[in-house]
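Notes follow the structure.
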Amino acid sequence: MSFVGCLLMVSGWLIAIAALLLLVGSGQRLAFVMAGLLVESIGLVLVAQSYRALQKAQG
C-alpha cells in the first residue's frame with residue numbers, strides 16, 4: 001500500500017507539471033492542477049495509513 005501511495009504522489013505531481021506545460025487555457029490548467037493535487041493527497045493518505053498500520057503491527 002505504501003508503494004501505491006508513492007506512485008500516486010509521483011503521478012499527481014506529473015499531472016500537475018504536464019498541465020502547466022501543455023494546456024493553454026487557465027481554466028483547463030486549474031482543473032488539471034487541482035486533479036493532480038487531489039491524486040497526490042490520496043497518495044499521501046495511503047502512505048500515512050500504511051505507516052500507521054506498520055507502527056501498530058510492530059507494537
Side-chain angles (χ1 to χ4, degrees):
M1 193 148 94
S2 176
F3 180 70
V4 173
C6 289
L7 285 179
L8 282 173
M9 287 193 294
V10 170
S11 65
W13 183 79
L14 290 174
I15 289 171
I17 296 299
L20 290 175
L21 295 176
L22 298 176
L23 297 176
V24 178
S26 63
Q28 293 174 339
R29 280 185 179 176
L30 179 64
F32 273 90
V33 167
M34 295 304 286
L37 292 175
L38 179 65
V39 170
E40 285 184 60
S41 63
I42 291 170
L44 183 62
V45 167
L46 284 176
V47 169
Q49 285 180 349
S50 175
Y51 178 75
R52 277 189 265 147
L54 182 63
Q55 292 297 320
K56 188 176 180 180
Q58 289 181 352

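One-based numbering along the sequence shown.
Between the CG atom in L21 and the CG atom in L14 there is a gap of 10.5 Å [rounded to 0.5 Å]. Atom-to-atom distance recorded for S11:OG and E40:CD is 8.0 Å, nearest 0.5 angstrom. Taking CG of L30 as the start and CE of M34 as the end, the distance is 6.0 Å to the nearest 0.5 Å. With rounding to the nearest 0.5 Å, the separation of CZ in R29 from OG in S26 is 8.0 Å.
Exactly one of V45, L38, V39 qualifies for a side chain to side chain contact (heavy atoms under 4.5 Å, CB included) with I42. That residue is L38.
Across L23 and Q28, no two heavy atoms sit closer than the pair CD1-O, 3.6 Å. The heavy-atom pair separating F32 from I15 by the smallest distance is O-CG2, 3.6 Å.
At a threshold of 4.5 Å between non-hydrogen side-chain atoms, the residues L54 and Q58 count as touching.
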